There are 4 protein chains.
Amino acid sequence: MIDPRLFSIATGSPEPIYRQLVEQVRRRVLAGQWAAGAGLPSVRELAQALAINPMTVSKAYSLLEAEGLLARQRGIGMVVAEAPGQPPPAAERLALVRPALARVAEQARELGLAPHEVLTLLSELMEDPDEPRP
Amino acid sequence: MIDPRLFSIATGSPEPIYRQLVEQVRRRVLAGQWAAGAGLPSVRELAQALAINPMTVSKAYSLLEAEGLLARQRGIGMVVAEAPGQPPPAAERLALVRPALARVAEQARELGLAPHEVLTLLSELMEDPDEPRP
Amino acid sequence: MIDPRLFSIATGSPEPIYRQLVEQVRRRVLAGQWAAGAGLPSVRELAQALAINPMTVSKAYSLLEAEGLLARQRGIGMVVAEAPGQPPPAAERLALVRPALARVAEQARELGLAPHEVLTLLSELMEDPDEPRP
Amino acid sequence: MIDPRLFSIATGSPEPIYRQLVEQVRRRVLAGQWAAGAGLPSVRELAQALAINPMTVSKAYSLLEAEGLLARQRGIGMVVAEAPGQPPPAAERLALVRPALARVAEQARELGLAPHEVLTLLSELMEDPDEPRP
DNA sequence: GTGGTCTAGACCACA
DNA sequence: GTGGTCTAGACCACG
């Protein structure tokens with residue numbers, strides 16, 4: 001079973017808890033970090049580990065089930081859904097960051113930044129996210 | 001007067017409309033793209049152009065006035081405030097997109113994307129944001 | 001605004017209330033019975049009309065929004081989403097009844113019924129659902 | 001002994017597994033497809049063949065025994081009970097699919113489908129259920 | 001044990 | 001006014 005300690009929520013964030021959970025799971029499943037069929041922590045267990053209400057976890061799980069990323073096994077719990085046949089292609093995963101990237105690009109243009117400035121910064125951030133600011 | 005068509009809102013975005021407006025104006029003023037004293041569209045005019053509630057525009061203008069970026073001129077409307085003294089250096093403007101860029105970079109890494117894939121996409125988006133997806 | 005009295009729930013049914021609502025709305029939207037942009041009853045209003053908890057209505061609306069059939073207009077309420085470009089083709093609507101039809105066909109075969117017997121019955125039911133049984 | 005491969009369950013269906021089993025058996029016994037006295041697969045064997053919990057099979061068998069369709073024979077297992085007297089007429093068996101068929105017909109009408117479209121689809125499904133979708 | 005559903009009530013952000 | 005989120009607690013069906 002997937003370790004409940006792999007999940008985390010930022011209580012101070014404006015992003016709702018259930019959505020933080022949804023996106024954590026979605027990214028890990030799409031990236032293939034969890035094998036198909038792997039069992040997720042039960043609603044009650046994860047709720048206790050995160051000190052939140054079980055319904056909040058349940059809501060996240062339900063949305064992921066509707067999305068087809070998780071499957072319900074009755075009496076067992078939630079498991080990672082079988083991939084529809086193919087491992088997720090890079091193009092599809094790339095499409096997931098496109099909207100956020102487009103928003104940043106728009107902001108950079110509004111700030112009058114040159115493309116190479118932004119690209120250089122992104123390159124650094126992709127290589128080593130924890131690098132101290134110059 | 002500043003053209004209302006320069007403003008845009010993404011209705012599908014989770015970001016509130018008033019904040020989208022605030023940050024668009026803030027970035028353009030900080031980038032020096034609008035001269036001090038330039039007049040902004042009236043609340044009613046901008047609200048109609050964007051098909052949103054006038055109260056939403058008013059809220060954005062009020063926040064920008066409180067921040068000192070806009071000033072209210074009786075009988076004229078909102079104008080761009082005098083620059084506080086110095087034109088902002090590129091490094092400082094670049095720092096404004098750093099958090100958003102870092103967030104995207106983290107998501108991309110979680111998705112197992114290679115840096116060059118993301119950089120290529122950003123490069124395209126910086127050059128021509130309206131380019132149709134392949 | 002769409003009349004709340006158009007909605008109905010069968011309290012005795014094993015089908016959950018929120019799902020009854022989801023499917024009622026889905027069929028009507030897909031059949032084009034409601035124009036794009038038409039406003040749905042507010043959560044509170046529909047909840048009161050049906051004498052159920054507002055969260056139950058909210059859950060149904062949220063699922064329909066995730067499915068893309070409804071859209072949230074902030075401060076206004078839920079509206080029927082714009083069709084992606086085309087009115088829903090008959091083939092797509094037909095596909096929606098395929099699983100249920102396949103299940104019935106399987107049952108009929110298990111009962112040793114001849115195809116023409118079942119087809120005749122369905123034909124009657126399609127023409128006049130309230131016809132008394134022979 | 002009745003071949004365990006005659007049984008099938010749809011894991012994705014909202015219908016509980018034990019009820020899928022109960023109704024499959026009930027239909028086949030009523031249709032006279034299995035002779036009285038024919039032996040059913042053992043609980044363990046069927047559970048393994050369907051990859052489900054033995055308790056689920058046991059529950060289905062118990063319900064069918066209570067209904068009088070199956071009988072428990074010591075040392076042998078479950079067998080098909082003696083027919084209550086008369087072979088069931090076709091009209092009676094047809095009545096068993098009527099409710100499900102009426103439900104599908106109602107959904108099809110709500111979707112604005114023409115009777116002949118639905119009848120054509122059902123005809124295909126009755127002839128060859130495993131035909132690939134066009 | 002598992003998840004699902006519904007209720008009741010509180011608080012929040014947005015328009 | 002709108003919907004969204006979270007909590008708490010109850011009951012149910014399934015395995």
Side-chain angles (χ1 to χ4, degrees), chain A residues 1 9 11 13-21 39-47 50-62 64-65 70-79, chain B residues 9 11 13-21 47 50-60, chain C residues 1 9 11 13-21 39-47 50-62 64-66 70-79, chain D residues 9 11 13-21 43 47 50-60:
Chain A
M1 202 248 298
I9 54 171
T11 53
S13 163
E15 194 179 15
I17 297 174
Y18 81 89
R19 195 180 304 244
Q20 295 183 35
L21 290 177
L40 280 94
S42 80
V43 166
R44 292 157 171 87
E45 183 180 7
L46 187 52
L50 297 174
I52 59 178
N53 189 298
M55 266 202 64
T56 306
V57 178
S58 179
K59 183 174 184 179
Y61 279 3
S62 295
L64 287 160
E65 188 198 8
L70 299 186
R72 224 172 72 208
Q73 286 208 334
R74 286 189 274 219
I76 310 281
M78 307 295 299
V79 301
Chain B
I9 56 169
T11 54
S13 162
E15 194 179 14
I17 297 173
Y18 81 89
R19 194 177 309 216
Q20 294 184 35
L21 289 178
L50 297 175
I52 60 178
N53 192 312
M55 269 188 49
T56 308
V57 178
S58 179
K59 182 172 183 177
Chain C
M1 202 249 297
I9 54 171
T11 53
S13 163
E15 193 180 15
I17 297 173
Y18 81 90
R19 196 181 302 243
Q20 295 183 35
L21 290 177
L40 281 94
S42 80
V43 167
R44 293 158 171 87
E45 184 181 7
L46 187 52
L50 297 174
I52 59 177
N53 189 297
M55 265 203 66
T56 306
V57 178
S58 180
K59 185 174 183 179
Y61 279 4
S62 295
L64 287 159
E65 187 197 8
L70 299 187
R72 224 173 70 208
Q73 286 207 337
R74 285 188 276 221
I76 310 283
M78 308 296 298
V79 300
Chain D
I9 55 169
T11 53
S13 163
E15 194 179 13
I17 296 172
Y18 81 90
R19 192 176 311 216
Q20 295 184 36
L21 289 179
V43 166
L50 296 174
I52 61 179
N53 193 312
M55 270 187 49
T56 307
V57 178
S58 179
K59 182 173 185 178

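Computed from heavy atoms alone, side chains included, the values below leave out hydrogens, waters and symmetry copies. The structure presented is a predicted model; accordingly, all values stated were derived computationally and were not measured.
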Rounded to the nearest angstrom, tell me the gap between atom [atom1] in [X] and atom [atom2] in [N].
X: A:Ile76; N: E:dG4; atom1: CD1; atom2: C1'; answer: 17 Å
X: D:Glu15; N: F:dC14; atom1: CD; atom2: C1'; answer: 13 Å
X: A:Glu65; N: E:dG4; atom1: CD; atom2: C1'; answer: 10 Å
X: A:Leu46; N: F:dC6; atom1: CG; atom2: P; answer: 14 Å
X: C:Met78; N: F:dG1; atom1: CE; atom2: C1'; answer: 16 Å
X: A:Leu64; N: E:dG4; atom1: CG; atom2: C1'; answer: 16 Å
X: B:Gln20; N: E:dA13; atom1: CD; atom2: P; answer: 18 Å

**Asked** So what does A:Ile17 touch, heavy atoms closer than 4.0 Å: a base, only the sugar-phosphate, or nothing?
**Response** sugar-phosphate
**Prompt:** What is the nucleic acid contact for C:Lys59, judged by heavy atoms within less than 4.0 Å: base, sugar-phosphate only, or nothing?
**Reply:**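 Contact class for C:Lys59: sugar-phosphate only.
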**Pairwise 5' ranking along DNA chain F for C:Tyr61 and D:Arg19, keeping only the more 5' one** =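 It is C:Tyr61, whose closest nucleotide lies nearer the 5' terminus.
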**Item:** Closest-nucleotide 5' rank along DNA chain F - winner of A:Ile52 and D:Met55
**Value:**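 Whichever sits nearer the 5' end wins; that is A:Ile52.
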**Item:** Residue whose nearest DNA chain E nucleotide is more 5′ - C:Gly75 or C:Asn53
**Value:**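 With C:Asn53 and C:Gly75 compared, the 5'-side residue is C:Asn53.
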**Request:** Would you kindly compare C:Pro54 and A:Pro41 by the position of their nearest DNA chain E nucleotide and give the one closer to the 5′ end?
**Result:**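 Of the two residues, A:Pro41 wins.
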**Any N/O donor-acceptor pair, A:Arg44 side-chain to E:dG3 base, under 3.5 Å** = yes
Hey, does the side chain of [X] come within less than 4.0 Å of [N]'s phosphate (OP1/OP2), counting only N and O?
X: C:Ser42; N: F:dT2; value: yes
X: C:Ser58; N: F:dG4; value: yes
X: A:Arg72; N: E:dG4; value: yes
X: C:Arg74; N: E:dA15; value: yes
X: C:Thr56; N: E:dC6; value: no
X: D:Tyr18; N: F:dC14; value: yes

[X] and [Y]: which non-hydrogen atoms are nearest, and at how many Å?
X: D:Pro16; Y: A:Arg74; result: CA-NH1, 3.8 Å
X: A:Pro41; Y: A:Leu46; result: CB-CB, 4.1 Å
X: D:Ala47; Y: D:Pro54; result: CB-CA, 3.6 Å

**Prompt:** Applying the side chain to side chain contact (heavy atoms under 4.5 Å, CB included) test to C:Ile17, which of C:Val57, C:Ile9, C:Thr11 qualifies?
**Reply:**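 So, applying the side chain to side chain contact (heavy atoms under 4.5 Å, CB included) to C:Ile17 and each of C:Val57, C:Ile9, C:Thr11, only C:Ile9 qualifies.
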**Prompt:** Any side-chain heavy atom of A:Tyr61 sitting closer than 4.5 Å to one from A:Ser42?
**Reply:** no
**Any side-chain heavy-atom pair of D:Ile52 and D:Leu21 under 4.5 Å** =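 In short, these two side chains touch, coming nearer than 4.5 Å.
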**Asked** Which one is paired to F:dC14, where only Watson-Crick or G-U wobble pairs with both distances under 3.5 angstrom count?
**Response** E:dG1
